[in-house]
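Shown next, in structure tokens, is the structure this report addresses.
Protein chains get the first letters and strands the later ones, always in sequence-line order, with residue 1 at the start of each. The model shown is predicted, which means the values in this text are computed figures rather than measured ones.
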There are 2 protein chains.
Amino acid sequence: MTSGRRIGAPDAKNRGVLLDAAERLMLEEGYAAVTSRRLAERAGLKPQLVHYYFRAMDDLFLEVFRRRAEQGLKAQAQALDSAQPLWSLWRLVTDPATSRFMMEFAALANHRKSMRAEIAHYAERFREEQWRTLATALARYDADPETMPPMVWSVLFTSLSTVLVMEQGLGMSLGHAETIEVVERYLRRLEGEPNL
Amino acid sequence: MTSGRRIGAPDAKNRGVLLDAAERLMLEEGYAAVTSRRLAERAGLKPQLVHYYFRAMDDLFLEVFRRRAEQGLKAQAQALDSAQPLWSLWRLVTDPATSRFMMEFAALANHRKSMRAEIAHYAERFREEQWRTLATALARYDADPETMPPMVWSVLFTSLSTVLVMEQGLGMSLGHAETIEVVERYLRRLEGEPNL
DNA sequence: GTCTATAATCAGATAGAC
DNA sequence: GTCTATCTGATTATAGAC
């Protein structure tokens with residue numbers, strides 16, 4: 001009754017190759033393009049190998065997500081640790097790859113329930129960390145926490161970058177420049193001109 | 001050389017049934033769940049009928065999108081025409097169905113290039129219209145157009161509602177209440193207490 | 001431990017029957 | 001004008017060969 005199917009070692013070379021290829025494929029063509037065949041083709045491997053290294057496609061997606069989310073948390077910690085946390089964070093979240101990644105997985109979560117909890121978990125960790133650092137930074141700048149609490153800053157940054165990137169992806173830009181202008185003017189007032 | 005395949009009349013009853021079912025299925029389970037088979041099952045019809053009424057799945061998606069987008073434009077025009085355009089617009093965009101719909105199609109556009117231009121076109125019409133109405137409304141309230149131009153209002157509303165809905169879909173709510181609080185405090189200052 | 005041959009299922013599409 | 005029988009190809013997954 002025990003299944004004859006076995007799964008490849010977690011540190012096998014080709015497993016990493018597949019994860020890398022899956023990530024690129026997903027960013028370039030959307031999660032729906034990540035099928036065992038197209039992925040294998042990209043990676044220069046046989047389609048069956050995908051199923052050898054990952055019990056189900058969900059496991060593949062989950063691991064692509066975790067890997068990159070952990071990287072993202074590190075990058076964010078570094079950004080928030082700088083002398084100009086607001087500018088650093090703004091630069092980080094407006095990097096298209098960051099938002100594209102999160103959006104793609106949020107869409108994926110719509111019909112892969114197995115991913116929902118995982119994505120929500122990381123999204124909360126990102127926000128939590130942003131919130132803590134912004135709280136100290138904003139206090140330093142004497143920004144009124146009533147008008148714009150640190151938590152709201154965090155939500156606002158995330159929201160703006162997500163939608164700007166999404167719309168850019170559609171080839172749309174109406175209102176983008178003006179919005180970025182308003183945000184950056186605000187940042188300048190609080191944190192001065194960006195260094196670098 | 002002429003194809004033997006024919007396409008059903010645009011006003012046939014079952015065609016409408018399919019469009020309605022496709023829209024519901026898409027909102028509930030994501031666009032990837034809309035296949036000819038699952039759609040037909042939902043609609044209580046045979047899978048082949050999907051291909052009879054729509055030359056390709058893209059045509060189906062396109063029509064679902066157009067129908068609802070046109071409805072949305074009407075609803076928005078109505079909202080913006082009210083005595084409290086800011087409140088009305090805020091209520092409209094924070095309706096989960098609105099954002100869910102746009103997000104789902106934005107994700108779809110990632111790997112169905114045929115949809116990109118169409119979605120961008122409508123998104124711009126929405127923004128354009130919001131902008132024009134907000135410009136008059138904000139002028140009436142003596143809001144400083146330098147601090148927050150009407151166009152930026154429009155981008156901000158869209159961004160916030162999109163991401164709040166997206167995160168809610170993941171079961172996440174960290175920072176949501178505080179953000180809504182800040183927005184509504186601002187609206188109250190400009191437009192007074194919401195009537196109704 | 002790594003990979004392949006192959007099964008089982010499901011998807012999109014079309015020619016032709018009523 | 002409406003629908004169905006059916007083809008072609010893709011996709012996930014597994015048992016078993018090296």
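In this model, a side-chain donor or acceptor of Gln48(A) finds a partner on the base of dA5(C) within 3.5 Å.
Between Trp153(B) and the options Trp90(B), Tyr141(B), Tyr186(B), Trp131(B), a ring pair (Phe, Tyr, Trp, His ring centres under 6.0 Å) holds for only Tyr186(B).
In this structure, the CG atom of Leu18(B) is 13 Å from the P atom of dG12(C), given to the nearest Å. If you take CD of Glu41(A) and P of dA10(D), they are 11 Å apart, rounded to a whole angstrom. Rounded to whole Å, the distance from NZ on Lys13(B) to P on dG1(D) is 18 Å. Protein atom CG of Leu49(B) is 14 Å distant from nucleotide atom C1' of dC18(C), rounded to whole Å. Residue Asp59(B) contributes atom CG, which lies 13 Å from atom P of dG12(C) at whole-angstrom precision. Between the CZ atom of Arg38(A) and the C1' atom of dA11(C) there is a distance of 12 Å, given to the nearest Å. Atom CZ in Arg5(B) sits roughly 17 Å away from atom P in dC7(D) (whole-Å rounding). If you take NZ of Lys46(B) and P of dG16(C), they are 20 Å apart, rounded to a whole angstrom.
Within the 4.0 angstrom heavy-atom criterion, no nucleotide atom of any strand lies near Arg15(B). Using a 4.0 Å heavy-atom criterion, one finds that Ser36(A) contacts the bases of the nucleic acid, with or without backbone contacts as well. Across all strands, Tyr53(A) comes closer than 4.0 Å only to sugar-phosphate atoms, never to a base (heavy-atom distances).
Look at Asp20(A) and Arg67(A) and you find a salt bridge, because one of the NZ, NE, NH1 or NH2 atoms lies within 4.0 Å of a carboxylate O, short of that distance. Lys46(B) and Glu41(B) are not joined by a salt bridge, as no carboxylate oxygen comes within less than 4.0 angstrom of a charged side-chain nitrogen.
Both His51(A) and Asp11(B) lie close to DNA chain D; mapped to their nearest nucleotides by heavy-atom distance, the more 5′-ward contact belongs to Asp11(B).
Of the side-chain N and O atoms in Arg37(B), none sit less than 4.0 angstrom from OP1 or OP2 of dC10(C). Close to dT14(D), at under 4.0 Å from its OP1 or OP2, lies no side-chain N or O of Arg55(A). Contact annotation: Asn14(B) does not reach the phosphate of dT2(D) (side-chain N/O to OP1 or OP2, under 4.0 Å). Checking the phosphate oxygens (OP1, OP2) of dC3(C), no side-chain nitrogen or oxygen of Tyr52(A) falls inside 4.0 Å.
Of the listed nucleotides (dG12(C), dC3(D), dT2(C)), dG12(C) has the atom at the smallest distance from the side chain of Met57(B).
Both cation-pi conditions hold for Arg68(A) and Phe101(A): the charged atom is under 6.0 angstrom from the six-membered ring centre and inside a 45 degree cone around its axis.
Classified by interplanar angle (parallel below 30°, tilted 30° to 60°, perpendicular above 60°), the ring pair Phe61(B)/Tyr31(B) is perpendicular.
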